[in-house]
Q: 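Sharing a structure below in structure tokens format, with a few things to ask.
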Amino acid sequence: MDIKLVKKILCDLFKVDSYSYGKAQVLTFACDNDRYIDYKGKKYSPLMNTVEDDLARQGVSCISITRLASRVKGKLSHGKVFSPDGAFARALVTKRLKGLFLRDGKYPYSYYEEKIWERILDETGAKAVIGINPSRELCTVCHRKGVWVADLQHGVISDAHPWYGAAFRGKDVRERLPDAFLCWDMGSVEVINKWAKDLGIDVRPIGNPWVERFIKKDKSDDLYCSLRDQYKVKSNGKPNILISLSWGSYNISNKFVHPELERFILDNIDKYNWMMRLHPNQLQGFATDSGDNFFKYFEATYPAGKIEWEQATKMPLPLLLSEIDLHISWNSSVCIEAACLGVKSLLMDTNLLPGGFKEKYYEHLVSAGYVVKVVAEYQLIKEWVDRNLGVSIIPYESYASGYVALIKETFLRVKS
């Protein structure tokens, strides 16, 4: 964990929270790393704020909670965002201490955190909760109070993922699980349904609400129009290739770009328009130390002005991908959004290859032809680029109708 984040948590331990949340019909939940788009001077959460904005158009009021040493809240964030930092810090530390004494990977359930969510739900009067990875404690309180709670997908879902795989969540008792999992595609639905269907959990595809805004290109959508006009990708006749970084890449010697890919980039530095996109966690979240180290690596490795990273990191991912010819990464879930925009991806993490513990990651995208996994070798990278440049592929199914239905159902749920 980033040392700056650890220091923030330790400081928050002694903080006395004094929030008055106010009333809201829907409570949303996301962390700082999910609130990273700059829009009208505030931080916007691509997924959560899109949901909130669509509910607001239906007359549904929302309040959002963030946690884990949060900084993006209040006047810094879009919408009404709160975080009882002191209470969450104390819950986190006591949970970690409790975990030291538990055996067999048993979850260190926090009754202290339960009380935090009870107060929030009591004060807001929310009838529905939509969150990114809602905790077991939040789900428990929601069930006790008759509040519908859903987990909105924000990245990869796989059998090997500790939040979604049967070997991990299938062991949880029902009250610690959400009422629904809102997935981007059927591949993700199938993974969760292996264990959730028999528990009566609603697992449905709704597409990616953020990506859909940029596919739809609605001229009445102020955010879409504003960001579209703000960001422009270089257009000089050369193919655009995006490198999306992953945080925590312990199995890359320099922690960012594999030496074989690095060599390919440098050998073809003027042949293509190269862009690098940092993971949101590397800017604000669990890995800002990784972001600091990236800048040192970047400046020491690549010639000045040849690779664009700042705009590629700040601009909305769907808008960027709409201008990209090919996408390359170690293991980033950007490949999912890329598929939705009809962009092919090359992944090279050894853990994604046969025998690796992430072998099943993105397997539905592999079988559909959107993703290729290879060993990180110069020649294999070159062959993939040469073979796929100029070759189009139909964008992955969006499932947008599922999202429209969700908004209508949530409206009816909180108005009843």
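For the single chain, residues carry numbers from 1 onward in sequence order.
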Q: Taking salt bridge (charged side-chain N to carboxylate O under 4.0 Å, His left out) as the test, write out the residues that go with K194, two or more places apart.
A: D159
Q: Calculate, to the nearest 0.5 Å, the distance between atoms NZ and CG belonging to K43 and L76 respectively.
A: 9.0 Å
Q: Please enumerate all residues that pass side chain to side chain contact (heavy atoms under 4.5 Å, CB included) together with V233, with sequence neighbours excluded.
A: N240, M275, M315, L320, E323
Q: Go through the structure and list residues passing salt bridge (charged side-chain N to carboxylate O under 4.0 Å, His left out) with E114, not counting sequence neighbours.
A: R144
Q: Step through the shown structure and confirm whether more than 12 heavy atoms of other residues, nucleotides or ligands are within 6.0 Å of NZ on K360.
A: no
Q: Please enumerate all residues that pass salt bridge (charged side-chain N to carboxylate O under 4.0 Å, His left out) together with K15, with sequence neighbours excluded.
A: D85
Q: Verify, without hydrogens or angle tests, whether S246 (side chain) and S249 (backbone) share a donor-acceptor contact under 3.5 angstrom.
A: no
Q: Measuring from atom CG of L321 to atom CZ of F214, what distance do you get when rounded to the nearest 0.5 angstrom?
A: 11.0 Å
Q: Over 60° means perpendicular and under 30° means parallel, so classify the ring planes of F294 and F298, tilted if in between.
A: tilted
Q: In terms of heavy-atom contacts, does CZ of R228 have more than 12 from other residues, nucleotides or ligands at under 6.0 Å?
A: yes
Q: Is there a donor-acceptor contact under 3.5 Å from the side chain of S188 to the main chain of I157?
A: no
Q: Determine, using ring centers only, whether W210 and Y36 are less than 6.0 Å apart.
A: no
Q: May I ask you to test the N193-F181 pair for a side-chain heavy-atom distance under 4.5 Å?
A: no
Q: Kindly say whether I130 contributes a backbone atom to a donor-acceptor pair with the side chain of T28 at under 3.5 angstrom?
A: no
Q: Show the numbers, then the answer: is there a side chain to side chain contact (heavy atoms under 4.5 Å, CB included) between Y399 and M186?
A: CA-CA 9 Å; Y399 299 98; M186 281 305 299; 3.2 Å; yes
Q: Would you please name every residue forming a salt bridge (charged side-chain N to carboxylate O under 4.0 Å, His left out) with R174, sequence neighbours left out?
A: D179
Q: Give me each pair satisfying side chain to side chain donor-acceptor pair (under 3.5 Å) with a member in residues 361-373, each pair once, sequence neighbours excluded.
A: D185-H364
Q: For Y378, what residues pass the ring-ring contact (aromatic ring centres under 6.0 Å, His included) criterion, not counting sequence neighbours?
A: F264
Q: Would you confirm whether N208, through its side chain, and E337, through its main-chain N or O, come within 3.5 Å as a donor-acceptor pair?
A: no
Q: What verdict does the side chain to side chain donor-acceptor pair (under 3.5 Å) test give for K344 and N388, after you've listed the backbone C-alpha separation in whole Å, the side-chain angles of each residue and the deciding distance to 0.1 Å?
A: CA-CA 8 Å; K344 294 183 179 181; N388 288 284; 3.0 Å; yes
Q: As an exercise, state the distance from OG of S64 to CE of M48, rounded to the nearest 0.5 Å.
A: 7.5 Å
Q: If we only count heavy atoms from C-beta on, is the V366 to V372 side-chain gap below 4.5 Å?
A: no
Q: Starting from the C-alpha separation in whole Å, work towards a yes-or-no answer on side chain to side chain contact (heavy atoms under 4.5 Å, CB included) for E262 and N254.
A: CA-CA 10 Å; E262 181 184 287; N254 60 42; 3.3 Å; yes
Q: Only counting residues at least two apart or in another chain, list the ones meeting ring-ring contact (aromatic ring centres under 6.0 Å, His included) with H143.
A: none
Q: For the pair Q153 (side chain) and W184 (backbone), establish whether a donor and an acceptor sit closer than 3.5 Å, ignoring hydrogens and angles.
A: yes
Q: Is it true that Y112 and K98 share a donor-acceptor pair across their side chains at a distance under 3.5 Å?
A: no
Q: Between W330 (side chain) and T350 (backbone), is there a donor-acceptor pair under 3.5 Å?
A: no
Q: So do I307 and I269 actually touch side chain to side chain, heavy atoms under 4.5 Å?
A: yes
Q: Please name all residues satisfying ring-ring contact (aromatic ring centres under 6.0 Å, His included) with H327, sequence neighbours left out, ordered by chain then number.
A: none
Q: On the six-membered ring of Y224, is R213 placed so that its NZ or CZ lies under 6.0 angstrom from the centre and within 45° of the ring axis?
A: no
Q: CG of L55 to NZ of K408: how many Å apart, nearest 0.5 Å?
A: 13.5 Å
Q: Measuring from atom CG of L182 to atom CD1 of I192, what distance do you get when rounded to the nearest 0.5 angstrom?
A: 9.5 Å
Q: What residues, two or more places apart in sequence or in another chain, satisfy side chain to side chain contact (heavy atoms under 4.5 Å, CB included) together with D172?
A: R136, R169, L177
Q: Please confirm whether F88 and W117 have ring centers closer than 6.0 angstrom.
A: yes
Q: Could you state the interatomic distance from OG (S322) to CD1 (I215), rounded to the nearest 0.5 Å?
A: 10.0 Å
Q: Does the side chain of S135 come within less than 4.5 Å of E113's, by heavy atoms?
A: yes
Q: Can you confirm if the aromatic rings of Y302 and Y297 lie within a centre distance of less than 6.0 Å?
A: yes
Q: For side chain to side chain contact (heavy atoms under 4.5 Å, CB included), just list the numbers for Y403 and V51, CA-CA rounded to whole Å, side-chain angles, deciding distance to a tenth of an Å, and then say yes or no.
A: CA-CA 9 Å; Y403 177 67; V51 171; 3.9 Å; yes
Q: Decide yes or no for N351 and E359: does some side-chain heavy atom of the first lie under 4.5 Å from some side-chain heavy atom of the second?
A: no
Q: Excluding sequence neighbours, so at least two apart, what forms side chain to side chain contact (heavy atoms under 4.5 Å, CB included) with L100?
A: L97
Q: R277 versus L245: any side-chain heavy-atom pair under 4.5 Å?
A: no
Q: Can a donor-acceptor pair be found, under 3.5 Å and without considering hydrogens, that links the side chain of N268 to the backbone of I265?
A: no
Q: Please step through salt bridge (Lys or Arg N to Asp or Glu O under 4.0 Å) for the pair K197 and E190, ending with a clear verdict.
A: CA-CA 10 Å; K197 187 175 181 179; E190 290 166 4; over 6 Å; no
Q: Could you check whether any side-chain heavy atom of V385 comes within less than 4.5 Å of a side-chain heavy atom of I328, counting everything from C-beta outward?
A: yes
Q: Specify the closest pair of heavy atoms between Y107 and K95, including all atoms of both residues, with the distance to one decimal.
A: OH-NZ, 2.8 Å
Q: Regarding K382 and D267, does a basic nitrogen lie under 4.0 Å from an acidic carboxylate oxygen?
A: no
Q: Would you say the side chain of K80 lies within less than 4.5 Å of the side chain of Y21, judging by non-hydrogen atoms?
A: no
Q: Can you list the residues that meet the side chain to side chain contact (heavy atoms under 4.5 Å, CB included) rule with E310, with sequence neighbours excluded?
A: E308, K314
Q: Is it true that a side-chain atom of R413 and a backbone atom of W148 form a donor plus acceptor pair closer than 3.5 Å?
A: no
Q: Check for a donor-acceptor pair, side chain of S61 on one end and backbone N or O of Q25 on the other, with a separation under 3.5 Å.
A: yes
Q: So, does E377 use its side chain to make a donor-acceptor pair with the main chain of E260 at under 3.5 Å?
A: no
Q: Could you tell me if the ring centre of F295 sits under 6.0 Å from that of W309?
A: yes
Q: Under the side chain to side chain contact (heavy atoms under 4.5 Å, CB included) criterion, do S329 and L346 qualify, and how do the steps go?
A: CA-CA 6 Å; S329 181; L346 179 70; over 6 Å; no
